[in-house]
Amino acid sequence: DIPHATSLALEGIAIDHPRNLLNKFLTEIDKNYKILADNIFALDNTYKQLLYKRLMPVTFNLPIGTTIKGFIQGVTEGGQLIVLVNGRKRLFGFKEMSYS
């Protein structure tokens, strides 16, 4: 479901000045960042386990017009997709391939 638009007043949040809203917002971000920092390894492992088509055979289109078949292994810390192609790991960056 896509949430419906609302207002701070309807949500029971009283803000007397925009600066106070910003301070409240930044405080919440800082609190959530600290929670994330304490659990980054658990989050990373969950992300990798839920990776779309992980360990399944996939056909990819390359920008040069060819296709390759491989198995998605994971993602590097830099965000590259790790794909096992013919027994060798290959790394793909953003838009360097697409699903067939």
Side-chain angles (χ1 to χ4, degrees):
D1 283 334
I2 297 174
H4 298 287
T6 187
S7 71
L8 294 174
L10 288 175
E11 296 300 321
I13 301 170
I15 301 295
D16 58 345
H17 192 276
R19 186 179 316 114
N20 294 336
L21 175 61
L22 177 61
N23 287 337
K24 189 170 190 149
F25 180 71
L26 293 174
T27 299
E28 288 298 313
I29 287 176
D30 185 57
K31 180 178 77 175
N32 288 315
Y33 176 79
K34 288 176 182 170
I35 291 169
L36 175 62
D38 291 341
N39 295 299
I40 193 69
F41 293 111
L43 178 66
D44 188 52
N45 286 336
T46 300
Y47 170 76
K48 288 177 181 174
Q49 292 301 316
L50 297 174
L51 189 60
Y52 181 66
K53 297 209 178 229
R54 181 177 172 265
L55 304 178
M56 296 174 61
V58 181
T59 301
F60 299 100
N61 298 317
L62 300 179
I64 58 173
T66 60
T67 61
I68 60 168
K69 293 183 181 184
F71 294 84
I72 296 174
Q73 302 293 298
V75 178
T76 68
E77 287 185 17
Q80 293 176 300
L81 192 65
I82 305 167
V83 180
L84 189 64
V85 179
N86 296 325
R88 293 182 49 217
K89 286 186 180 179
R90 291 188 56 185
L91 304 180
F92 293 94
F94 184 65
K95 293 192 176 185
E96 289 183 344
M97 57 81 173
S98 61
Y99 292 105
S100 233

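Hydrophobic clustering (side-chain heavy atoms under 4.5 Å, transitive across Ile, Leu, Val, Met, Phe, Trp, Tyr) keeps L51 apart from M56. In this structure, I64 is a member of the same hydrophobic cluster as V83, with clusters built from ILVMFWY side-chain heavy atoms closer than 4.5 Å.
Here the CZ-CD1 distance, from F92 to I82, works out to 11.5 Å after rounding to the nearest 0.5 Å.
When atom types are taken as modelled, the side chain of T66 and the backbone of L62 share no donor-acceptor pair closer than 3.5 angstrom.
Shortest non-hydrogen contact noted between I72 and Y52 is CD1-O, 3.6 Å. The two residues Y99 and V58 have their closest heavy-atom pair at CD2-CG1, 3.4 Å. For the residue pair P63 and E96, the shortest heavy atom distance occurs at CD-O, 3.1 Å. Shortest non-hydrogen contact noted between T67 and T59 is CB-CG2, 4.0 Å.
Annotation for N86: atom CG does not count as buried by contact number, only 12 or fewer foreign heavy atoms lying within 6.0 Å.
For the side-chain contact (heavy atoms from CB on, under 4.5 Å) test with L81, the passing option among R90, M97, Q73 is M97; the others fail.
With contacts defined as side-chain heavy-atom distances shorter than 4.5 Å, the pair I68/F60 qualifies.
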